[in-house]
Amino acid sequence: IDFVTLTTAGNASDFGDSTYQRSEIGSLGNDTRGIFAGGLLNADRINVIDYITIASTGNATDFGNLQRAKRRVSAAGSTTRGLFFGGDINGSSSTNEIDRIQIGTTGNANDFGDISTGNRPDSVAVSSNTRAICCVGSNSSGNAINTLEYVTIASLGNTTDFGDATAAKTTAAGDGCGTLGIIGGGYTSSNTNVIESITIASTGNASDFGDLLAAKKELGAFSSAHGGL
C-alpha cells in the first residue's frame, strides 16, 4: 500500500501491506478508514474485505467478507456506509448484486439491492454523501455500455437510471467531491484519455471535463474535497 499527501506534490511512500497479494480490487473510504474488497488472488476470486486506518501507517486488518468471491467490483459510499457494485465471479459470469457495509464497524457485507441494467463488471462508481452512481462498464455479453445509474446510499433498493456517459467504455476510474463525479480514462475500442463529469445531486448525461495526460485504462482515482488524482 502506497500513500501520498494530497496537499503537496511528490512521490508515493510506503504505508504497509494488504492482507493478501491480490489484483483487481474495489476500494472506498471515509476520513478515517480505507476499505479494500474482493479481487483476484493468483487465479482465484476472493471475498476478502480488509481495512486500514488512514491517519496512521501499518498493515491492513481483516474487516469481513463480501457476499461472494468476485473481482472488478466498483465501490463508493458515504461517510458511514460503503457499497460495492457488481463484479466478475468466475470469468464467464458476473453479478448485478450490490453489497453494503458499515465503514465504522467490521463484519460481513449484506445485500443492498441490484444494478438494474444487468451484470456490470468493469464499472466505476462515484458518490456524494447521499448518492452513489454506478457508471459505464460492460454488460452480461461483455460489451461496453454508457449507462449511469444511482442509488440513495442511506436506503436499500435497486439502481435508478441517471443518464449516459459521453461514450460506452470499461475499466475507467472515478471519484466524487460531493458536487461533481469525475470519470477518467477507460477502454472504448482503444484506450481513451477523456475525463467527463456529472452533477451528482441531479440526473442527466455526463459532460466533457478535459483530458488525461495519456490514454489509459485500468487506472485508479482518489480525491480530497478539492480535486482528484
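Note that these values count all heavy atoms, side chains included, but never hydrogens, waters or copies made by symmetry.
Taking hydrophobic clusters as Ile, Leu, Val, Met, Phe, Trp and Tyr residues chained together by side-chain heavy-atom distances below 4.5 Å, Y51 shares a cluster with F84. Hydrophobic clustering (ILVMFWY, side-chain heavy atoms < 4.5 Å, transitive): I115 and L83 are in one cluster. Under a hydrophobic-cluster definition in which Ile, Leu, Val, Met, Phe, Trp and Tyr are linked whenever side-chain heavy atoms come within less than 4.5 Å, directly or via other members, I101 and V73 are assigned to the same cluster. Following chains of ILVMFWY side-chain contacts shorter than 4.5 Å, one cannot reach L66 starting from I98, and the two form parts of different hydrophobic clusters.
Side-chain contact of T159 with S116: a donor-acceptor pair under 3.5 Å is present, judged by distance alone. The closest side-chain donor-acceptor pair between D50 and T19 falls under 3.5 angstrom.
Ionic pairing of K169 and E196 is present here: one or more N-O contacts between side-chain nitrogen and carboxylate oxygen are shorter than 4.0 angstrom. Between E24 and R45 there is no salt bridge, since no side-chain N of the basic residue sits under 4.0 Å from a carboxylate O of the acidic one. Between R72 and D122 there is a salt bridge, since a side-chain N of the basic residue sits under 4.0 Å from a carboxylate O of the acidic one.
The number of heavy-atom neighbours closer than 6.0 Å to CZ of F209, taken from other residues, nucleotides and ligands shown, is 12 or below.
Annotation for S74 and A125: closest pair CB-N, 3.7 Å, computed over non-hydrogen atoms. The shortest non-hydrogen separation linking C134 to S123 is SG-OG, 3.6 Å. Closest approach of V126 and G176 over heavy atoms only: CB-N, 4.2 Å. Contact detail for V151 and F85: the closest heavy-atom pair is CG2-CZ, 4.2 Å. Pairing each heavy atom of N129 with each of S78, the nearest pair is OD1-CB, 3.0 Å. Pairing each heavy atom of I133 with each of Y150, the nearest pair is CG1-CB, 3.7 Å.
Inter-residue side-chain proximity for I52 and R33 is flagged as unmet; no heavy-atom pair is nearer than 4.5 Å. Taking 4.5 Å as the limit, every side-chain heavy atom of I103 sits out of range of all side-chain heavy atoms of R81. Side-chain contact between N143 and S138 is absent, with no heavy atoms from C-beta onward closer than 4.5 Å. For the pair L212/L219, a side-chain contact is recorded, criterion being any heavy-atom separation below 4.5 Å from C-beta on. Contact of the L148 side chain with the I198 side chain is registered, since non-hydrogen atoms from C-beta on lie closer than 4.5 Å. In this structure the side chain of L213 never reaches within 4.5 angstrom of the side chain of N193, judged on heavy atoms. Residues R68 and E97 are in side-chain contact: their nearest non-hydrogen atoms beyond the backbone lie under 4.5 Å apart. For the pair N139/I145, a side-chain contact is recorded, criterion being any heavy-atom separation below 4.5 Å from C-beta on.
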Under the side-chain contact (heavy atoms from CB on, under 4.5 Å) rule, what do I153 and T130 come out as? Steps first, then yes or no, please. CA-CA 6 Å; I153 298 170; T130 304; over 6 Å; no
Under the side-chain contact (heavy atoms from CB on, under 4.5 Å) criterion, do I195 and I182 qualify, and how do the steps go? CA-CA 7 Å; I195 306 171; I182 305 295; 3.5 Å; yes
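Among residues two or more places apart in sequence or in another chain, the side chain to side chain contact (heavy atoms under 4.5 Å, CB included) test is passed with N191 by Y187, A215, K217. When the salt bridge (charged side-chain N to carboxylate O under 4.0 Å, His left out) test is applied to E149, the partners found at least two apart in sequence or on another chain are R120.
Separating the CD1 atom in I35 from the CD1 atom in I25 is a distance of 11.0 Å, to the nearest 0.5 Å. Note that CG of N146 is 11.0 Å distant from SG of C135, once rounded to the nearest 0.5 Å.
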Do any side-chain atoms of residues 1-9 form donor-acceptor pairs under 3.5 angstrom with protein atoms, and if so which ones, sequence neighbours left out?
unit_1: T8; atom_1: OG1; unit_2: T5; atom_2: O; d: 3.4

Side chains of residues 201-208: which donor-acceptor partners sit under 3.5 Å, not counting sequence neighbours?
unit_1: S202; atom_1: OG; unit_2: T199; atom_2: O; d: 3.4
unit_1: N205; atom_1: OD1; unit_2: D164; atom_2: N; d: 2.9

Which atom pairs, donor and acceptor, lie under 3.5 Å between side-chain atoms of residues 105-114 and protein residues at least two apart or in another chain?
unit_1: T105; atom_1: OG1; unit_2: Q102; atom_2: O; d: 3.2
unit_1: N108; atom_1: OD1; unit_2: N65; atom_2: N; d: 2.9

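Through side-chain heavy atoms spaced under 4.5 Å, either directly or across other Ile, Leu, Val, Met, Phe, Trp or Tyr residues, I54 is tied to no other residue.
Between the side chain of S223 and the backbone N or O of C177 there is no donor-acceptor pair closer than 3.5 Å.
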